[in-house]
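A quick note: this is a predicted structure, and the numbers were derived from the prediction, not measured.
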Amino acid sequence: MNTRPNLEDAQMPHYDCQVTALAAGKCRDPFAFLGLHQFNDNQSVVRCYIPGAQEVFVLTKHSRYPLTQFRQSALFSSVLDKNFANQEYQLEVVYPNQTVTGRDVYSFASTLSDEALYLFNEGTQAQAYLHLGAHQLTVDGVEGFRFSVWAPNALSVSVIGDFNHWNNTQHPMRLHPASGVWELFIPELNVDRCYKFAITTFDGERIEKADPFAFKMEQAPGTASITQSKPTAVVTQPEQIEKASRNRIDAPISIYEVHLGSWKRREQEGNRYLTYRELGDDLIPYVKSLGFTHLQLMPISEYPFDGSWGYQPVGLFSPTSRFGGVEDFAYFVECCHQAKLGLLIDWVPGHFPSDPHGLHKFDGTHLYEHADKRQGFHPDWNTYIFNYDRAEVKSFLLSNAMYWIKEYGIDGLRVDAVASMLYLDYSRKQGEWIPNQYGGRENLGAIECLKSVNTQCYGENDGIMMVAEESTAWPGVTRSVEHDGLGFGYKWNMGWMNDTLNYMSKDPIHRKYHHHEMTFSMVYAYSENYILPLSHDEVVHGKGALLSKMPGDDWQQFANLRAYYGFMFAHPGKKLLFMGSELAPREEWNHNQQLDWHLLESEAHRGVYKCIKSLNETYKATPQLFECDTKSTGFNWIDGGNAEQSIFSFIRYGNDGLTPLVVVANFTPQTHFHFRLGVPASGVYQVILNTDDTEFWGSGVGIVAHKQQLIESKEIESHGLSQSIDITIPPLATIYLQLISGGTC
């Protein structure tokens, strides 16, 4: 064994200060003191701080040097000759119950890109998740994890985890002062290890935070992040082409919205959740069999509180562990790809919760949120609002959106609560908000953030869908950024939803006084690229199930609902239905239990299921119902003013503009025999869908057989048209009539 001289007495006061700082978790620059350093012209010094160690040795290829413990502290050091500086070394650490050998954490140079950090600070880093967070790397031939975190106002930051007994003094991090990012590479660390960042503020407070960029997190009540390899989706060129095709503005888009925790459960196994893999094998074939083109997941980014349904996330880069690991979610996505089913994810950039391990006061200051509650606190949800004016926050949100699009290859994002982002006075009274620099109510930072997200995401893959849940008349939500729009591809038509549901809730005898609520949407139908949503929001918080909103006796309630669905699928705009809509439950949605699958044993409920399936099939097979959703050439009223009878009749056209599809919706229980209806072209019309069909538990009045009734037009003027047909309009029903032979418009 070779020995080396002890430290010089002159170093002792300096060591006292460093040991005090290290022991208190307040070492701001550990690499300046720990590791290997040139001591003088002829000697080097190795220092390590290892709590709990009894002895420490430095190992080289040919030698073993003991380190001296400094005053019974966790600091060990030794002076070595200068030739040692060129040698790779390891530390042999003797603990009471074991001996561990490995590379010195403080012997590795930084691996962070200065350019990447510059872009992060500039607000334009679209892939910050490649640089911040925990990344599995090989450095100097050694595998391990590099940890990086943005905490510019912290006094010190250290990595804590199950690998160091959650000791906040063992792994203090290196600060990059220009960016405010802290970094540390810990060698020989594997996946599935729990960790957090221990942050000491300048006020002396010690806080523990989960990693904002973690790819995996513990399921509640756990709050730690988990080391994980970066997921990478395998998306082939044919899949990219298919994605672009199914998301086009002139494509049939019918979306099934799902809360993964309550679609189905294993009731015989403690009412447990299905895993991502089970959902991939069960949910996706089910959605495909119903004829939907897309699946939309309510937020799956890790969230602590089940009752938030995912809308209060703390791990924006982590698929929730409730249903399995990262690989399991990747399997689920791949199942969607193989089934050619579009996959959308609910994205929540509008706010975040106050959980102590989350983003709130991340480094002891209001880092991700505004300090002023008039800007940084959401009064409706008791959550915090992102500071969109801060460049690093923009990079964080931009990177998160890109992460799901690029790394998992999903079809797009449905952006939650966009209105709450756009308006500074959203849900606030006078004096509770701060105007922008021009004195207005627009949140300029949020606007630019949304524009940047849409521009970058569409730039990555122009075949995706970016969807805004925006409930106001903000202009240009789906207009391009180049033309001063927000750059979304689609917007939820909340006005249509509110108006039509209000109409449907009225007793049929009173509907004639609310007739305009079913027609008003056509005044603005082409102002945006719309999706018609009947989402989870309409069946919670005491609003009741859709079926319960319908008036009348049992038969009339089901007939109303089927007729409403038929009207929805014929109206311009893409479609979205919340899970269970096909079952017509009588009770509103409960996230703590699975859907009422037993309802399919009832003929009435099964009829709604069959109706939804038939609507999807008819919708996808009929270009007139989807090709011209955003063009005025795709729609004409036959009679939009028949309030007295509560009958709506109109024509849908496809891209050819020639072959009409006639739609008639009757929202009273009155059957109309020999109803003369004007049609735009002579020829034979075929009933291709009738929501009153006996197959759907309808009355079947006036219909010989589903999809077989043929009606020939006559040269009799009606509704301002030279041709007309004589039809029976069933009670509380919507029917589609396709021109199958004869002339064109």
- [ ] Verify side chain to side chain contact (heavy atoms under 4.5 Å, CB included) between Val608 and Phe558, making sure each step is shown before the conclusion.
- [x] CA-CA 8 Å; Val608 175; Phe558 281 96; 3.7 Å; yes
Task: Test side chain to side chain contact (heavy atoms under 4.5 Å, CB included) applied to Phe567 and Leu532, step by step - done: CA-CA 11 Å; Phe567 180 83; Leu532 310 181; over 6 Å; no
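- Considering all non-hydrogen atoms of both residues, Met504 and Pro551 come closest at O-CD, 3.1 Å.
- In this structure, CG in Asp639 is found 8.5 Å from CD in Gln645, a value given to the nearest 0.5 Å.
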TODO: For side-chain hydrogen bond (donor to acceptor under 3.5 Å, both in side chains), just list the numbers for Thr668 and Asn666, CA-CA rounded to whole Å, side-chain angles, deciding distance to a tenth of an Å, and then say yes or no.
DONE: CA-CA 6 Å; Thr668 71; Asn666 174 21; 3.2 Å; yes
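- Expressed to the nearest 0.5 Å, how far CG of Leu341 lies from SG of Cys335 amounts to 10.5 Å.
- Side-chain rings of Trp589 and Phe578 approach one another, their centers coming within less than 6.0 Å.
- Taking the side chain as every heavy atom from C-beta outward, Val664 and Ile647 approach each other to under 4.5 Å.
- For the pair Arg562 and Phe696, the cation-pi criterion (under 6.0 Å, within 45° of the ring axis) is not fulfilled.
- Pairing each heavy atom of Asp692 with each of Pro730, the nearest pair is OD2-CB, 3.3 Å.
- The environment of CD in Glu587 is sparse: at most 12 heavy-atom neighbours from other residues, nucleotides or ligands sit within 6.0 Å.
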Open item on the list: Show, in sequence, the C-alpha distance, side-chain angles and deciding distance for Glu528 and Thr478, and conclude whether the side-chain hydrogen bond (donor to acceptor under 3.5 Å, both in side chains) test is met.
Closed with: CA-CA 6 Å; Glu528 303 279 6; Thr478 58; 2.5 Å; yes
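- Checking side-chain atoms of Ser245 against main-chain N and O of Ile241 turns up no donor-acceptor pair under 3.5 Å.
- A donor-acceptor pair under 3.5 Å is absent between the side-chain atoms of Asp282 and the main chain of Glu278, judged by distance alone.
- Contact detail for His515 and Asn642: the closest heavy-atom pair is CE1-O, 3.3 Å.
- Taking the six-membered ring for Trp and the full ring otherwise, Trp309 and His541 have centroids separated by under 6.0 Å.
- Scanning both residues, Glu470 and Ala419, for their nearest heavy atoms gives OE2-CB, 3.6 Å.
- Side chain of His672 to backbone of Phe675: no donor-acceptor contact under 3.5 angstrom is found.
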Open item on the list: Using ring-ring contact (aromatic ring centres under 6.0 Å, His included), reason through Tyr736 and Phe569 one step at a time and then give a plain yes or no.
Closed with: CA-CA 10 Å; Tyr736 302 169; Phe569 271 77; 8.5 Å; no
Task: Intermediate values then yes/no, salt bridge (charged side-chain N to carboxylate O under 4.0 Å, His left out), Glu242 and Lys340 - done: CA-CA 7 Å; Glu242 289 165 1; Lys340 297 178 173 56; 3.8 Å; yes
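- With Asn616 contributing its side chain and Ser254 its backbone, the two residues share no donor-acceptor pair below 3.5 Å.
- Note that the CG atom of Asp596 and the OG atom of Ser602 stand 11.5 Å from one another [nearest 0.5 Å].
- You'll find the side chain of Val701 reaches within 4.5 Å of the side chain of Thr728, heavy atoms only.
- Side-chain atoms of Asn247 come within 3.5 Å of backbone atoms of Lys243 as a donor-acceptor pair (strictly under, hydrogens ignored).
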Open item on the list: Before you tell me yes or no, could you show the steps for Ile255 and Ile531 under side chain to side chain contact (heavy atoms under 4.5 Å, CB included), namely the whole-Å CA-CA distance, both residues' side-chain angles and the distance that decides it to 0.1 Å?
Closed with: CA-CA 9 Å; Ile255 304 167; Ile531 292 174; 4.0 Å; yes
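- Between Trp263 and Gln594, the closest side-chain pair of non-hydrogen atoms is not below 4.5 Å.
- Checked against the 6.0 Å centroid threshold, Tyr530 and Tyr526 do not count as a close aromatic pair.
- Thr691 is not listed as a side-chain neighbour of Leu561, based on a closest heavy-atom distance of 4.5 Å or more.
- The main-chain N or O of Val415 is never found under 3.5 Å from a side-chain atom of Glu469 such that the two would form a donor-acceptor pair.
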- [ ] Quick one: do His259 and Ser262 satisfy side-chain hydrogen bond (donor to acceptor under 3.5 Å, both in side chains)? Show the steps, please.
- [x] CA-CA 6 Å; His259 177 260; Ser262 59; 2.8 Å; yes
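- Taking CG from Leu739 and OG from Ser682, the interatomic distance works out to 8.0 Å, rounded to the nearest 0.5 Å.
- With contacts defined as side-chain heavy-atom distances shorter than 4.5 Å, the pair Pro508/Pro669 qualifies.
- The shortest heavy-atom contact between Ile464 and Ile410 is CG2-O, 4.4 Å.
- Using a 4.0 Å cut-off between a side-chain N of Lys or Arg and a carboxylate O of Asp or Glu, Arg479 and Asp484 do not qualify as a salt bridge.
- Side chains of Glu334 and Glu239 form a contact here, defined as non-hydrogen atoms less than 4.5 Å apart.
- Looking only at distances, a side-chain donor or acceptor of Tyr458 sits under 3.5 Å from a matching main-chain atom of Met466.
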Open item on the list: Between Phe635 and Trp637, does the ring-ring contact (aromatic ring centres under 6.0 Å, His included) criterion hold? Intermediate values first, please.
Closed with: CA-CA 7 Å; Phe635 180 95; Trp637 286 110; 5.1 Å; yes
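- Ser527 contributes a side-chain N or O that, together with a main-chain N or O of Tyr524, makes up a donor-acceptor pair within less than 3.5 Å.
- Separation of the Phe323 and Phe332 ring centroids does not fall under the 6.0 Å cut-off.
- For Ala665 against Thr734, the heavy-atom pair with the smallest separation is CB-OG1, 3.5 Å.
- Side-chain contact between Phe667 and Met518 is present, with at least one heavy-atom pair separated by less than 4.5 Å.
- Arg414 forms a cation-pi arrangement with Trp492, by the criterion of a distance under 6.0 Å to the ring centre and an angle within 45° of the ring axis.
- By the 4.0 Å N-to-carboxylate-O rule, Asp411 lies close enough to Arg246 to be salt-bridged with it.
- We find the CD-NE2 distance between Glu257 and His536 to be 5.5 Å, quoted to the nearest 0.5 Å.
- A salt bridge links Lys406 and Glu460; the closest N-O separation between the charged side-chain nitrogens and carboxylate oxygens is under 4.0 Å.
- Screening residues 563-583 for side-chain hydrogen bond (donor to acceptor under 3.5 Å, both in side chains) gives Tyr256-Glu582, Tyr286-Glu582, Thr500-Tyr564, Ser521-His571, Lys574-Asp629 as the qualifying pairs, with residues at least two apart or on separate chains.
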Task: Check against side chain to side chain contact (heavy atoms under 4.5 Å, CB included), Leu677 and Ser724 - done: CA-CA 5 Å; Leu677 181 73; Ser724 63; 5.9 Å; no
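- Using a 4.5 Å heavy-atom threshold, the side chains of Leu297 and Asp346 count as separate.
- Annotation: Tyr609, atom OH; neighbour count of heavy atoms from other residues, nucleotides and ligands within 6.0 Å is above 12.
- Here the CG-CG distance, from Leu344 to Leu295, works out to 8.0 Å after rounding to the nearest 0.5 Å.
- With Glu588 contributing its side chain and Lys543 its backbone, the two residues share a donor-acceptor pair below 3.5 Å.
- Proximity of a side-chain donor or acceptor of Asn560 to a complementary backbone N or O of Gln556 within less than 3.5 Å is detected.
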